[in-house]
Visitor: 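One structure, pasted below without further comment.
Each residue takes its place number in the sequence, starting with 1.
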Amino acid sequence: MSSDAAMRALVVEDEPTVRTLLSDYMQAAAFEVESVSDGCEVIPTVRARPPDLILLDLMLPGRGGFEICRELRSFSEIPVVIVTARIDEVDRLIGLDLGADDYICKPFSPSEVVARARAILRRVRRESKSPACLGLVIDECHYTAQYMGMPLDLTPVEFRLLKTLADSPGRVFSRQHLLDRIYADYRVVTDRTVDSHIKNLRRKLQSANSQTELVQSIYGVGYKLDL
């Protein structure tokens, strides 16, 4: 990732007014900005000049934003913020499941977009640290975990759930995404099953440290491991 003085943002937006607005605000916040208007240009641009952050519209000529996000995640962990007029909850969940880091609906405040972009980049820096910095130690080989020096008596499902959250602290995971991670056999279960596992996991974490709520709920979306 670039230094603070040289953060690079790629703005992907086909509407000229919105593209200019986002570009101007990001530049004012000390980002170097490149912009494209056609969905087919995104992947080649990212491969040629990888940015630190991508602001991605969904409804683009040439290629849609969901398809772009899916391919991006096949080779890159560059943070992606979806900025779109598609406001339905199902679209937000699809975007997050495909690996987007945030989802902002139009009309939006450009200042908020900049603030969220900065927050995501701060989170990405923190993610470069081991989960051990949270007092959490996970041993995937032996399927064991410790929190604040105390062993956690986890079921296999709870272990996979904690491992998924800990691999990307600060990232919000939808219930469906977590279900796909914790049940390898893709059995038919409701998304509320995750809530039950989260409740049990929280109880076990709090038995080791009652002062901190490590697993946070994000209303209407899912869960994240707090930093």
Visitor: When rounded to the nearest 0.5 angstrom, what is the spacing between CG in L98 and CZ in F66?
Guide: 6.5 Å
Visitor: Report the C-alpha separation of V114 and M26 in whole Å, then their side-chain angles, then the decisive distance to 0.1 Å, and conclude whether the side chain to side chain contact (heavy atoms under 4.5 Å, CB included) test is met.
Guide: CA-CA 6 Å; V114 172; M26 295 298 284; 3.8 Å; yes
Visitor: Could you check whether D195 pairs with K199 (Lys NZ or Arg NE/NH1/NH2 to Asp/Glu carboxylate O, under 4.0 Å)?
Guide: no
Visitor: Quick one: pull up CG in L205 and OG1 in T212 and give me the separation to the nearest 0.5 Å.
Guide: 10.0 Å
Visitor: Indicate, with yes or no, if V81 and V46 share a hydrophobic cluster defined by side-chain heavy-atom contacts under 4.5 Å among Ile, Leu, Val, Met, Phe, Trp and Tyr.
Guide: no
Visitor: Between E13 and K106, is there a side-chain N and carboxylate O pair less than 4.0 Å apart?
Guide: yes
Visitor: Hey, can you pull the donor-acceptor pairs under 3.5 Å for the side chains in residues 54-64, sequence neighbours left out?
Guide:
unit_1	atom_1	unit_2	atom_2	d
R63	NE	E67	OE2	3.0
R63	NH1	E71	OE1	2.8
R63	NH2	E67	OE2	3.3
R63	NH2	E71	OE1	2.4

Visitor: Is there a side-chain contact between V18 and F108, using heavy atoms and a 4.5 Å cut-off?
Guide: yes
Visitor: Of the non-hydrogen atoms in G39 and I68, which two are nearest, and what is the gap between them?
Guide: O-CD1, 3.6 Å
Visitor: With rounding to the nearest 0.5 angstrom, report the CG to CG distance, L162 to L225.
Guide: 7.0 Å
Visitor: Over all heavy atoms of both residues, which pair between S23 and S35 is shortest? Give the atoms and the distance, please.
Guide: OG-CB, 4.1 Å
Visitor: Only counting residues at least two apart or in another chain, list the ones meeting side-chain contact (heavy atoms from CB on, under 4.5 Å) with T20.
Guide: D24
Visitor: For side chain to side chain contact (heavy atoms under 4.5 Å, CB included), just list the numbers for I43 and L72, CA-CA rounded to whole Å, side-chain angles, deciding distance to a tenth of an Å, and then say yes or no.
Guide: CA-CA 7 Å; I43 299 300; L72 278 169; 3.8 Å; yes
Visitor: So how far is it from K224 NZ to L214 CG, rounded to the nearest 0.5 Å?
Guide: 11.0 Å
Visitor: Go through the structure and list residues passing side-chain contact (heavy atoms from CB on, under 4.5 Å) with R116, not counting sequence neighbours.
Guide: D102, I104, E112
Visitor: Check for me, please, whether V215 and V172 land in the same ILVMFWY cluster - side-chain distances under 4.5 Å, paths through other members count.
Guide: no
Visitor: Using a distance-only test with no angle check, is there a side-chain donor-acceptor pair under 3.5 angstrom linking R202 and S217?
Guide: yes
Visitor: Check whether R73 reaches the backbone of I78 with its side chain - one donor and one acceptor, N or O, closer than 3.5 Å.
Guide: yes
Visitor: Once ring-ring contact (aromatic ring centres under 6.0 Å, His included) is applied, do any residues pair with Y223, and if so which ones, sequence neighbours excluded?
Guide: none
Visitor: Among E34, E32, R8, exactly one meets side chain to side chain contact (heavy atoms under 4.5 Å, CB included) together with P51. Which residue is that?
Guide: R8
Visitor: Would F173 and T164 count as a side chain to side chain contact (heavy atoms under 4.5 Å, CB included) here? Give the steps.
Guide: CA-CA 9 Å; F173 290 90; T164 297; 4.0 Å; yes
Visitor: To the nearest 0.5 Å, tell me how far D226 CG sits from E213 CD.
Guide: 9.0 Å
Visitor: Measuring from atom CG of D97 to atom OG of S174, what distance do you get when rounded to the nearest 0.5 angstrom?
Guide: 3.0 Å
Visitor: Can you confirm whether I198 sits close enough to L165 that some side-chain heavy atom of one is under 4.5 Å from a side-chain heavy atom of the other?
Guide: yes
Visitor: Please name the pair of heavy atoms, one in L154 and one in A145, separated by the smallest distance, quoted to 0.1 Å.
Guide: CD1-CB, 4.0 Å
Visitor: Could you please spell out the steps behind the side chain to side chain contact (heavy atoms under 4.5 Å, CB included) verdict for L121 and F31?
Guide: CA-CA 12 Å; L121 290 170; F31 282 83; 3.6 Å; yes
Visitor: Any link between M7 and V80 through a network of hydrophobic side chains (Ile, Leu, Val, Met, Phe, Trp, Tyr) touching at under 4.5 Å?
Guide: no
Visitor: Once salt bridge (Lys or Arg N to Asp or Glu O under 4.0 Å) is applied, what residue pairs with a partner in residues 75-87 remain, sequence neighbours excluded?
Guide: R86-D91
Visitor: If Ile, Leu, Val, Met, Phe, Trp and Tyr residues are connected whenever their side-chain heavy atoms lie under 4.5 Å apart, and connections chain through other members, are L178 and V221 in the same group?
Guide: no
Visitor: Go through the structure and list residues passing ring-ring contact (aromatic ring centres under 6.0 Å, His included) with F159, not counting sequence neighbours.
Guide: Y143
Visitor: Checking D88 against R92 for the salt bridge (Lys or Arg N to Asp or Glu O under 4.0 Å) test, could you report, in this order, the C-alpha distance in whole Å, the side-chain angles of both residues, the deciding distance, and whether it holds?
Guide: CA-CA 7 Å; D88 290 344; R92 293 200 301 274; over 6 Å; no
Visitor: Taking all non-hydrogen atoms of both residues, which atom of A117 and which atom of L53 are closest, and how far apart?
Guide: CB-CD2, 3.3 Å
Visitor: How far apart are the closest heavy atoms of L96 and R171, and which atoms are they?
Guide: O-NH2, 3.7 Å
Visitor: Tell me if a side-chain donor or acceptor on T45 pairs with a main-chain N or O of E41 at a distance below 3.5 Å.
Guide: yes
Visitor: A cation-pi test, strictly: NZ or CZ of R47 under 6.0 Å from the centre of the six-membered ring of F75 and no more than 45 degrees from its axis. Yes or no?
Guide: yes
Visitor: Is there a side-chain contact between Q176 and D180 in this structure, where contact means two heavy atoms from C-beta onward sitting under 4.5 Å apart?
Guide: yes
Visitor: Mind checking whether V113 and I82 sit in one hydrophobic cluster, side chains of I, L, V, M, F, W, Y counted as touching below 4.5 Å?
Guide: no
Visitor: State, without any angle test, whether D14 and S37 hold a side-chain donor-acceptor pair at a distance under 3.5 Å.
Guide: no
Visitor: Could you tell me whether a side-chain N or O of E158 sits under 3.5 Å from a main-chain N or O of T155, the two making a donor and an acceptor?
Guide: yes
